[in-house]
Amino acid sequence: LPRPSATSCTRDQFNMEACTITYTNWMNSKWRSEQVGAMEYYNWEMPNVLIIYNLNSSCHQGSVPVIAVNATLPEYFQAMIKFAAKYHLRLVIKITGSDILARSTAPRSFLLWLHYMENMALISQYSSCGSANVTNVVRLGAGVQWGGTGGFLQGGSHSLLSSWKGLGVDQVLQYDVVTVDGQRKIVSQCQNSDLFYALSGGVGGTYDVVVSVVLRIFRSPHIIGTLLSIEASNETLYVTLIRDLVRFLPKLADGDWTTAFIPSFYKAYKLALTPSDPTGYNMLLGSSLIPDTVVRNRQNDLIQLFLQMKRLSVKATSLLINHVAG
Ligand SMILES: Cc1cc2nc3c(=O)[nH]c(=O)nc-3n(C[C@H](O)[C@H](O)[C@H](O)COP(=O)(O)OP(=O)(O)OC[C@H]3O[C@@H](n4cnc5c(N)ncnc54)[C@H](O)[C@@H]3O)c2cc1C
């Protein structure tokens with residue numbers, strides 16, 4: 001039965017040994033992914049999850065599903081989907097629980113937990129859609145972490161290596177899926193191609209359950225990475241910083257550098273979600289890929305966009321930038 005991750009530390013269900021483990025691992029992503037009820041960002045289990053700091057609190061189910069199946073075989077997927085449809089249950093699917101918009105948990109839902117479907121197999125020669133053999137291919141089971149079949153690939157799967165080989169989802173040759181009517185299907189560019197298109201960024205948990213995926217792999221490149229954190233001490237300098245950075249982006253791209261901007265609006269999110277929560281932070285995050293044509297041809301619009309976004313922040317905004325070249 002899934003329970004909120006801090007259950008063992010609450011008044012009603014206190015257990016010293018389990019609570020010590022919980023306390024030690026509270027911010028540990030791997031440990032969180034191993035708990036059937038846990039989300040990576042615990043605010044999605046329950047807002048105001050004070051338990052770890054307050055042994056007097058009691059524990060509610062919050063947004064944690066009420067029942068889960070530890071699915072290890074595709075047949076389980078089919079049975080669960082049919083069962084959920086028959087009894088009108090809300091079905092959610094979870095691998096790591098790191099979905100930043102909480103799409104892998106829901107109140108009063110039925111959870112298909114894929115954590116243990118971690119099969120991985122290298123395929124030296126693979127042929128799909130009548131094309132010549134593709135070498136260096138891997139088949140990943142549904143639960144392979146991190147960056148596998150679910151939210152990562154179906155969410156588009158951008159990375160700092162995207163300017164080199166494209167998105168993660170661009171490497172997919174085939175999906176093995178169970179559709180919402182419980183049927184098992186092979187999906188590729190030449191078989192069920194509409195579904196293939198939908199799965200290529202159409203968001204996890206939307207179209208079907210992916211059982212496994214076949215995708216191209218590449219030898220790790222040699223890269224240089226930098227992580228810059230530049231702080232502008234006042235508004236004027238901030239505007240100058242954004243303007244100069246955006247104008248510099250085409251040069252970086254020409255030099256094969258990939259750039260990720262991470263403007264920090266943490267304080268705004270924190271205020272929006274829980275005005276007086278002393279437990280730490282809440283997380284709500286989105287990301288967008290900015291087309292090269294926009295970076296090159298609509299620089300003023302991009303500058304305005306960054307400046308307008310900044311106004312959501314209540315105090316100074318910091319801008320985190322990753323560069324990767326190789
Ligand atoms: C610290 C951090 C860094 C990140 N960096 C990147 C990054 O660089 N690039 C990037 O693209 N993303 C990044 N992400 C976002 C990440 O890809 C998403 O959080 C993604 O949803 C995680 O996938 P998951 O399946 O493990 O998550 P889960 O939370 O388990 O599931 C996410 C969604 O996928 C659905 N789903 C899961 N498995 C399946 C399945 N087998 N079939 C159908 N639907 C399924 C779930 O129902 C849910 O809707 C990052 C996230 C974090 C927390």
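Ligands are counted one by one from 1 in listed order, and the atoms in each one are counted from 1 as well.
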Determine whether a donor-acceptor pair (N or O, by modelled atom type, separation under 3.5 Å) exists between the side chain of [X] and the backbone of [Y].
X: N25; Y: N28; value: no
X: E45; Y: M39; value: yes
X: E40; Y: R32; value: no
X: N192; Y: L195; value: no
X: Q299; Y: V295; value: yes
X: K94; Y: T105; value: no

Is there a nitrogen or oxygen of [X] sitting under 3.5 Å from a nitrogen or oxygen of ligand 1?
X: E40; result: no
X: I95; result: yes
X: S104; result: yes
X: K94; result: no
X: V209; result: no

Out of curiosity, is [X] lining ligand 1, as in a heavy atom under 4.0 Å away?
X: G156; value: no
X: L114; value: yes
X: T206; value: no
X: G155; value: no
X: S98; value: yes
X: Y41; value: yes

Test item: side-chain donor near acceptor, T179 and D181, under 3.5 Å: yes
Shared hydrophobic cluster, V172 / V137 (ILVMFWY, side-chain heavy atoms < 4.5 Å): no
same_hphob_cluster(Y197, V213) at 4.5 Å side-chain heavy-atom cutoff: no
Numbering the atoms of ligand 1 from 1, which are under 4.0 Å from a heavy atom of [X]?
X: S157; result: 11 (O)
X: T149; result: 41 (N)
X: G150; result: 25 (O), 34 (O), 36 (N), 37 (C), 38 (N), 39 (C), 45 (C)
X: Q154; result: 42 (N), 43 (C), 44 (N)
X: D208; result: 42 (N), 43 (C)

Which option, [options], owns the non-hydrogen atom nearest [atom]?
atom: atom 44 (N) of ligand 1; options: S29, G205, G97; answer: G205
atom: atom 21 (O) of ligand 1; options: G204, G151, G143; answer: G151
atom: atom 47 (O) of ligand 1; options: L91, V177, I93; answer: I93

Side chain to side chain contact (heavy atoms under 4.5 Å, CB included) partner of M80, the single match among L112, I93, L111: L112
Heavy-atom closest pair, residues A38 and S5: CB-CB, 3.8 Å
Validation row, ring centre F110 to ring centre Y87 under 6.0 Å: no
